[in-house]
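Side chains are part of it too, since the values below use all heavy atoms of this structure and drop only hydrogens, waters and symmetry mates. Throughout, protein chains are lettered first and strands after them, A, B, ... in sequence-line order, and every chain is numbered starting at 1.
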Amino acid sequence: MADARIQIAPQVKRGDSFEVKIAIRHAMETGYRVDDVGKPIKRNVIRALVCKYNGTEALRVDMSSGFAANPLLQFWLVAGNSGEISFEWDDDAGTRYAERAAVTVAG
Amino acid sequence: MAPRPFSRLHRTACARPAFARLLATLALAALPAHADLLPAQISADSVPRPLTATPGDAAHGRALLLARENANCILCHAIPEARFSGNLAPPLDGVGARLSAAQLRLRVADNRQVHPSTIMPSYFRSEGLTGVAAQYRGKTVLTAQEVEDVVAYLQTLK
Amino acid sequence: MARGAAVSLAVARIGAALLAVACAVPATLAYAQSSTTRVIPLDQLKSGLAYTGEDVRALQADDFANPGMLWVERGEKIWNTPAGADGKSCASCHGDAKSSMKGVAARYPAIDAKSKQLLNIEARINASRSGDQKAPAFAPESEDMLAITAYVNMQSRGVPVGVSIDGAAREHFERGRAFYYTRRGQMNMSCATCHEQNFGKRLFAETISQGQPNDFPIYRLEWQTMGSLHRRLRACLYGVRAELLPVGSPELLDVELFLAWRAQGLKGEAPAVRR
């Protein structure tokens with residue numbers, strides 16, 4: 001439920017670069033912490049995040065315990081065709097996530 | 001998600017000669033079980049006699065001032081050499097010249113006896129407090145020896 | 001002469017005693033009145049934002065970068081999702097939160113008309129959830145509770161805090177006030193020691209704020225997650241080595257009312273970002 005928010009400009013021009021933002025709700029548990037009774041909290045961080053633009057890999061991020069919780073990624077892509085920006089990621093707990101957003105290219 | 005505990009810097013272990021430790025143990029055994037200062041120990045605004053037989057260790061005292069647990073003096077006081085410190089309370093630079101060891105001892109142990117409205121915690125007092133967490137109830141923040149160590153360090157700030 | 005002096009002294013004593021009796025009632029009233037005089041003047045009230053750095057202020061101001069918005073979005077989904085035996089959502093009765101919830105959180109804690117109890121916004125939401133929706137209550141400090149309060153409280157962004165301390169709320173207010181000014185814990189400090197007498201000064205590298213409640217739930221960078229006002233109060237209790245009162249406990253609820261009264265006029269800021 002609402003594990004991520006994606007932000008892209010409503011319309012972009014072919015050949016122009018445009019900004020893509022994704023904020024992900026994830027504890028990014030480092031594995032170095034203990035709970036209230038001193039028991040170690042198991043590591044659970046996002047392992048890899050892949051962004052595809054119309055099915056072609058555009059960005060791959062190998063994440064680690066050095067990332068803050070609830071990471072925010074911001075990057076630029078060059079507008080080709082209208083279609084879809086999709087994200088997939090998984091974490092140490094083995095949960096797989098996916099989110100997508102439409103991109104409309106003019107010209 | 002479990003709350004993130006406060007960062008804990010572990011106190012640097014301080015090696016003491018076994019003989020001194022034995023003396024300290026014997027001295028402690030001779031003291032009453034009551035940990036707080038007794039009225040008889042206080043003279044005007046000072047505690048003239050050391051709380052323990054073992055002289056204070058200034059290096060360990062300095063470590064206590066800097067440690068983020070227990071004494072944590074730099075939370076409020078600036079001391080020379082500490083890169084960061086709070087400014088809720090006066091800087092301690094020169095405090096060893098302004099106050100004697102006996103005066104420092106009472107101020108560290110129970111500053112309320114000198115300044116009744118002070119916001120400074122009493123580091124060697126366990127009574128007269130409200131709503132103390134179970135694990136600290138009936139205990140002083142610093143041990144008698146630690147008070148001596150802190151006083152020894154403060155005396156060097158001249 | 002000596003006798004006369006003794007008599008006049010006795011008269012003076014009786015007079016003083018009478019005066020004390022005479023003053024007792026007005027003095028109580030005077031105390032009651034003075035306790036509702038603003039502690040910090042309205043034009044000097046500052047939310048915790050004023051005591052953060054530029055980076056934190058920028059993070060809060062950006063509705064995409066503000067991590068609290070992840071909880072707000074989750075809260076919006078909860079608002080619109082049917083739950084419980086009757087299949088009702090919050091929206092079934094309250095419609096669009098943007099209008100129906102505007103300014104609501106700014107009036108809490110408040111005495112609940114039905115139960116006559118003092119409820120904060122969390123307790124009020126749970127009262128609807130178990131009473132009207134017949135759904136399980138949200139656990140204190142759970143992700144869902146933080147999400148729904150982030151969503152509801154956001155609808156009071158920009159709305160001045162304004163709670164009632166009249167009627168049944170008054171005794172809660174007085175208890176909260178007493179708690180606020182009582183030094184406690186092994187470190188022997190009251191809330192006022194730092195947040196009233198010393199705001200603007202530093203504890204180590206942290207600037208002490210006025211301890212205002214207008215911005216909760218907050219995304220606290222130290223926590224790396226969202227947390228309620230009660231969680232924040234517990235962090236202070238932990239710091240002064242005082243007994244940790246549970247989230248939602250009557251004592252913390254009373255303090256919450258006192259804090260909200262103390263913050264009256266300060267505009268809502270949820271979901272805020274703090275160090």
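With a threshold of 4.5 angstrom between heavy atoms, C/L244 does not approach chain B through any atom at all. Proximity to chain C (any heavy atom under 4.5 Å) is shown, for B/S126, by neither the backbone nor the side chain. Looking at C/L237, there are no atoms closer than 4.5 Å to chain B (heavy atoms on both sides), in backbone or side chain. The part of C/Q197 that comes within reach of chain B is its side chain, from C-beta onward, which places non-hydrogen atoms under 4.5 angstrom from that chain. For B/R125, no part lies under 4.5 angstrom from a heavy atom of chain C. Contact of C/M187 with chain B is made through backbone and side chain together, with heavy-atom distances under 4.5 Å.
Contact count against chain C (heavy-atom pairs under 4.5 Å) is highest for B/V141 among B/I74, B/V141, B/N72. Chain C forms the most heavy-atom pairs under 4.5 Å with one residue out of B/N87, B/L88, B/T130, and that residue is B/N87.
Atom CZ of B/R49 has 12 or fewer heavy atoms from other residues, nucleotides or ligands within 6.0 Å.
Taking CD1 from B/I119 and CZ from C/R183, the interatomic distance works out to 7.5 Å, rounded to the nearest 0.5 Å. Here the straight-line distance linking atom CG of B/L75 with atom CG of C/L203 works out to 4.5 Å at 0.5 Å rounding. Atom CE of B/M120 is separated from atom CE of C/M189 by 9.5 Å, given to the nearest 0.5 angstrom. To the nearest 0.5 Å, the span separating CD on B/Q135 from CZ on C/R241 amounts to 8.5 Å.
Scored by the ring-ring contact (aromatic ring centres under 6.0 Å, His included) test, C/F199 finds no partners at all (sequence neighbours excluded).
C/R184 places none of its side-chain heavy atoms less than 4.5 Å from the side chain of B/V132.
Scanning all heavy atoms of the two residues, the minimum distance from C/A242 to B/A133 falls at O-CB, 3.5 Å.
Cation-pi geometry between C/R202 and B/F84 is not met: the NZ or CZ atom fails to fall both under 6.0 Å from the ring centre and inside 45° of the normal.
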